[in-house]
Protein chains: 2
Amino acid sequence: MDQVDIFKALSNKTRLQILSWLKDPETNFVEQSAMGFENGVCVGQIQKKTGLTQSTVSEYLAVLQRAGLVSAARVGQWTYYRRDEAAIKALLARINIEL
Amino acid sequence: MDQVDIFKALSNKTRLQILSWLKDPETNFVEQSAMGFENGVCVGQIQKKTGLTQSTVSEYLAVLQRAGLVSAARVGQWTYYRRDEAAIKALLARINIEL
DNA sequence: AATATATATCGGTTTTTTCCGATATACCTA
DNA sequence: TAGGTATATCGGAAAAAACCGATATATATT
């Protein structure tokens with residue numbers, strides 16, 4: 001994934017919000033507390049919070065994943081997304097040098 | 001200028017290249033060496049290097065400027081653009097915290 | 001097997017971005 | 001003032017992104 005595509009992934013208000021929410025799932029996705037956040041947050045919870053349709057949010061999560069900013073884990077019928085902190089850190093390091 | 005718009009400004013290969021070239025004008029814009037780089041690099045030099053049309057490059061520089069990434073200085077018939085290092089630094093600091 | 005739930009994918013409409021050529025504006029020089 | 005050069009702006013065609021609803025797929029449950 002090249003730099004331009006990473007910036008494109010970040011060029012959308014909703015996607016930036018999702019990334020931000022995923023920094024603190026306990027606070028931002030209270031409904032999921034019962035099942036815990038070990039694997040991240042499932043699509044449905046994120047979708048509800050954005051107010052956009054399921055298909056749109058699914059696509060947005062795919063964009064973030066292709067950019068390497070989040071990772072996905074399928075568990076049963078759910079797909080959980082979480083930030084890929086290592087990748088984000090690496091990206092920041094790179095941007096700090098290159099920009 | 002909000003975060004999304006800054007990322008949008010960075011979501012284009014040519015604009016990223018321009019930003020990168022402007023880090024080292026002496027190396028990247030040899031033709032302008034005679035007049036020096038005190039005020040930055042003039043549009044024509046940048047345009048030549050991109051291979052795009054004059055109007056496109058002018059618009060791209062305006063996008064970078066609106067994002068606060070470069071500043072412009074008119075001198076005679078020329079407009080010189082240069083990186084706004086302070087703004088870029090501030091942006092990086094913010095991204096490092098918020099992303 | 002049948003039904004239900006969660007997510008992904010597909011096809012389409014609308015909006016935005018990319019890039020162009022033509023033209024306008026600003027400045028410089030004779 | 002007239003003509004030349006540098007840049008900005010305008011109008012538009014083509015490509016990409018932002019969404020959506022409908023449908024497909026995967027898993028779970030009965």
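Remember, predicted model here, so these are calculated numbers, not experimental data. Below, chain A is the first sequence line, B the second, and so on; all start at residue 1.
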Quiz prompt | A/Thr53 side chain near D/dG21 phosphate (N/O to OP1/OP2, under 4.0 Å) | solution = no
Quiz item: Hey, does the side chain of A/Asn12 come within less than 4.0 Å of D/dA18's phosphate (OP1/OP2), counting only N and O?
Solution: yes
Quiz item: Can you list, by residue number, the residues of residues 15-28 of chain A that have a non-hydrogen atom closer than 4.0 angstrom to DNA chain D?
Solution: A/Arg15
Practice problem: Drop me the distance from B/Ser71's OG to B/Asn39's CG, to the nearest 0.5 angstrom. | Solution: 9.5 Å
Practice problem: Using a 4.0 Å heavy-atom cut-off, write out nucleotides 3-15 of chain D from 5' to 3' as B (base contacted by protein), S (sugar-phosphate only) or - (no contact). | Solution: -BBSBBB------
Quiz item: Got a sec, which residues hit side-chain hydrogen bond (donor to acceptor under 3.5 Å, both in side chains) with B/Tyr80, two or more places apart in sequence or on another chain?
Solution: none
Quiz item: How long is the line joining OH of A/Tyr60 and C1' of D/dA17, in whole Å?
Solution: 8 Å
Quiz item: Which residues satisfy the salt bridge (charged side-chain N to carboxylate O under 4.0 Å, His left out) test with A/Lys13, sequence neighbours excluded?
Solution: none
Self-check item: Rounded distance (nearest 0.5 Å) linking atom CD1 of B/Ile46 with atom OG1 of B/Thr14
Solution: 12.0 Å
Quiz item: Looking at five pairs on each end of the helix from C/dA1-D/dT30 to C/dA30-D/dT1, what is the angle between the two axes, given to 10 degrees?
Solution: 10°
Quiz item: Between B/Gln32 and B/Cys42, is there a donor-acceptor pair closer than 3.5 Å when you use the side chain of the first and the backbone of the second?
Solution: yes
Quiz item: Hey, can you pull the residues of residues 30-38 of chain A with a non-hydrogen atom under 4.0 angstrom from DNA chain C?
Solution: none
Exercise. Could I get the full list of side-chain hydrogen bond (donor to acceptor under 3.5 Å, both in side chains) partners for B/Asp5, not counting sequence neighbours?
Key: none
Quiz prompt | Under the side chain to side chain contact (heavy atoms under 4.5 Å, CB included) test, residues paired with B/Ala72 that sit two or more places apart | solution = B/Gln65, B/Thr79, B/Tyr81
Practice problem: Write down the distance between NZ (B/Lys8) and C1' (C/dT15), rounded to a whole number of angstrom. | Solution: 10 Å
Quiz prompt | Rounded distance (nearest 0.5 Å) linking atom CG of A/Leu99 with atom CG of B/Leu92 | solution = 5.5 Å
Practice problem: For A/Thr14, answer base if it contacts any base atom (sugar-phosphate contacts may also be present), sugar-phosphate if it contacts only those atoms, and nothing otherwise; contact means non-hydrogen atoms under 4.0 Å. | Solution: nothing
Practice problem: Identify, between B/Leu52 and B/Asp5, the residue whose nearest nucleotide on DNA chain C lies closer to the 5' end. | Solution: B/Asp5
Quiz item: Partners of A/Ser58 by side-chain hydrogen bond (donor to acceptor under 3.5 Å, both in side chains), sequence neighbours excluded?
Solution: none
Quiz item: Out of curiosity, A/Leu64 CG to A/Leu19 CG, how far, rounded to the nearest 0.5 Å?
Solution: 5.0 Å
Quiz item: What pairs with A/Gln3 under side chain to side chain contact (heavy atoms under 4.5 Å, CB included), at least two apart in sequence or on another chain?
Solution: A/Phe7, A/Arg94, A/Ile95, A/Glu98, B/Leu16
Practice problem: Any side-chain hydrogen bond (donor to acceptor under 3.5 Å, both in side chains) involving residues 19-31 of chain A? Give me the pairs, sequence neighbours left out, ordered by first then second residue. | Solution: A/Asp24-A/Thr27, A/Glu31-A/Lys48
Quiz item: When the nearest nucleotide of DNA chain D is assigned to A/Val63 and to A/Gly76 on a heavy-atom basis, which residue is associated with the more 5' position?
Solution: A/Val63
Exercise. Please list, chain by chain and in numerical order, all residues satisfying side-chain hydrogen bond (donor to acceptor under 3.5 Å, both in side chains) with B/Glu85, sequence neighbours excluded.
Key: B/Arg83
